[in-house]
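Notes for the one structure printed next.
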Amino acid sequence: MLDLKYIRENAHLVKQAIANKREKADVDALLDLDIKRRNSIGEVESAKAEQNKATQKIAEMKKAGKDAAAAIADMRRLSDAIKQKDEELKEIEDQIYQLLIRIPNIPHKSVPVGDERANLVIKTWGEAAEQDFKPLPHYEIAEKLGLIDFARASRMSGSFFVSYRGLGAKLERSLINFMIDLHVEKQGYTEIFPPFVTKREAMFGTGQLPKLEEDMYHCGVDDLFLIPTAEVPVTNLHREEMLNGDDLPIKYTAYTPCFRREAGAYGKDTRGLVRIHQFDKVEMVKFVKPENSWDELESLLQNAEEVLQALELPYRVLTLATGDLSFAAAKCYDIEVYARGLDKWLEVSSCSNYVDFQARRANIRFRRERGAKPEYVHTLNGSGLALPRTVIAIMENYQTDEGTIKVPAVLQKYMGVERIK
RNA sequence: GGAGAGGUGCGAGAGCGGUUGAAUCGGGCGGUCUCGAAAACCGUUGUGCCCCAUGGGUACCAAGGGUUCGAAUCCCUUCCUCUCCGCCA
């Protein structure tokens, strides 16, 4: 959510941002209502000032034992008028709020303008090892080695759910442990194990609601949502809090499963593990001081890259263009791993700076020191990493011509074997 | 799931429906004293919004409604916390 005052003073920038993000939001209607609102506040508050004075007088009269009946009768009329004006004001503020929460965050200056074709590849790391054979796509080798049950999972839960088995299941668990250990031991994050369902307010705080309600699994009886990413519960840990400036930056990492209905996404890249309704992910979340958030984005990206470097998987980094940027983000880097069997680049991480957008929605503030004015923190998060596509890359890039899969060196102590066969 | 208790400022904790934005204690900050410190004493210590803005106004005692001329204080709903019983990994 943006600051109303900021929108008032920078309407053209906001409109530009909406256009560049290919969102729809009515800034002019908002500005119109803003004027109405301020007029209305003037009326209501002067009426209330009058009422407060009169009320005090009545109290004094009663104390002095005088009859206050006439004054009370007068006040009844004023009181009714105030109630009515208050209602009008509330109506206006509701409308403002509804418009305000639909205005997206403003992209940073360094973000290229355009749709996904304007995404900028800023870095490529590693090379696909030369091979004299064509590796099988992951879904075939996984099936062959008994690592993943696609058919059985579909039978019980529907399509786009999978069940891992044997060393396939262990690979999943090993990757989770390896990634968390790396974030905690080498990169200074604190591990969190949060709830996997949250309330509406939490989804709103990080910006999933109201826009993405259709993409989430929802438990109607309790009005709870299954989390689409750990970003939601971990960022919301500090919702409605006043943090201590000395404690910043706060760096958390969390493993969670992620649930996504992906409504309408069928038919595109949907074979195997590329796109499934439930997947595992290790996430990093940071709460930082505003002046540091752009540096923190770079180090967040680096922390995510280190996972792929340790796994020795080739990848590239993209700066997302405005049209590809999510609603709440000011800037976002995507990391794509190269999968040799599919011969495709697959997104395994998005590292975003939300600046104060989420913090304002979720009311997460800090004081630089005792007595200082509260300020909104900046929030960032990045995957480190999404598991299924990492698994794809391992199964395809580490495949041998004998139809086995070598275990990446850093995973061997977790897996207990050097080769999956 | 059943039965109770409760949610007040940085913390503890008071608050007959009428100068209560909120007593008191503690903490923080500033000062007096001291070579310095401690102790003691004095002062100070919330946030949002609006305006004809070095000032004024208004709102906020979990959240939302209601009663009233007037609500932290009375009523209703929701959320959360705690205790006891039941159930359970």
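Keep in mind that the numbers below use all heavy atoms, side chains included, and drop hydrogens, waters and symmetry copies. Throughout, protein chains are lettered first and strands after them, A, B, ... in sequence-line order, and every chain is numbered starting at 1.
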Only Watson-Crick and G-U wobble pairs, only distances under 3.5 Å, only runs of 3 or more: what stems does that leave for RNA chain B? B:1-7 with B:79-85, B:10-12 with B:24-26, B:27-32 with B:40-45, B:46-51 with B:55-60, B:62-66 with B:74-78
Tell me whether the guanidinium CZ or amine NZ of A:Arg361 lies under 6.0 angstrom from the six-membered ring centre of A:Phe204 and within 45° of its axis. yes
Does a nitrogen or oxygen in the side chain of A:Asn52 sit under 4.0 Å from OP1 or OP2 of B:A59? yes
With A:Glu23 as reference, evaluate A:Arg102, A:Lys211, A:Lys15 under the salt bridge (Lys or Arg N to Asp or Glu O under 4.0 Å) test and give the passing residue. A:Lys211
Under 3.5 Å donor-acceptor pairs involving side-chain atoms of residues 233-258 of chain A, not counting sequence neighbours:
from	atom 1	to	atom 2	distance (Å)
A:Thr235	OG1	A:Glu231	O	2.7
A:Asn236	OD1	A:Arg239	NE	3.4
A:Asn236	ND2	A:Ala202	O	2.9
A:Asn236	ND2	A:Val232	O	2.8
A:His238	ND1	A:Glu241	OE1	2.8
A:His238	NE2	A:Tyr252	OH	2.8
A:Glu240	OE1	A:Asn363	ND2	3.3
A:Asn244	OD1	A:Asp246	N	3.0
A:Lys251	NZ	A:Gln187	O	2.8
A:Thr253	OG1	A:Glu283	O	3.0
A:Tyr255	OH	A:Asp280	OD1	2.6

When rounded to the nearest Å, what value does the distance between C1' atoms of B:U47 and B:A22 take? 15 Å
Identify, with sequence neighbours excluded, every residue that meets side-chain contact (heavy atoms from CB on, under 4.5 Å) alongside A:Asp32. none
Using heavy-atom distances to pick each residue's nearest nucleotide on RNA chain B, tell me which of A:Ile72 and A:Lys90 is more 5'. A:Lys90
Could you write out each protein N or O paired with an N or O of nucleotides 70-75 of chain B at a distance under 3.5 Å?
from	atom 1	to	atom 2	distance (Å)
B:G70	OP1	A:Ser79	OG	2.7
B:G70	O4'	A:Thr55	OG1	3.3

Do A:Arg173 and A:Tyr414 form a cation-pi contact, if we require the NZ or CZ to be under 6.0 Å from the six-membered ring centre and within 45 degrees of the ring's axis? no
Quick test: give all pairs of protein nitrogen or oxygen and nucleotides 45-50 of chain B nitrogen or oxygen below 3.5 Å, distance rounded to 0.1 Å.
from	atom 1	to	atom 2	distance (Å)
B:U47	OP1	A:Arg367	NH1	3.4
B:C49	O3'	A:Arg37	NH2	3.3
B:C49	O2'	A:Arg37	NH2	3.2
B:C50	OP1	A:Arg8	NH2	3.3

Please measure how far the C1' atom in B:G18 lies from the corresponding atom in B:G27, and state the result in whole Å. 33 Å
Checking salt bridge (Lys or Arg N to Asp or Glu O under 4.0 Å) for the pair A:Arg22/A:Glu116: CA distance, chi angles, key distance, verdict? CA-CA 11 Å; A:Arg22 299 194 295 183; A:Glu116 66 271 15; 3.6 Å; yes
Please list every donor-acceptor pair under 3.5 Å in which a side-chain atom of residues 67-90 of chain A meets a protein atom from a residue at least two apart or in another chain.
from	atom 1	to	atom 2	distance (Å)
A:Asp67	OD1	A:Ala69	N	3.2
A:Asp86	OD2	A:Lys48	NZ	3.3

Separation of atom NZ in A:Lys199 from atom P in B:A62, rounded to whole Å: 17 Å
Span that lies between the P atom of B:G66 and that of B:G48, in whole angstrom: 27 Å
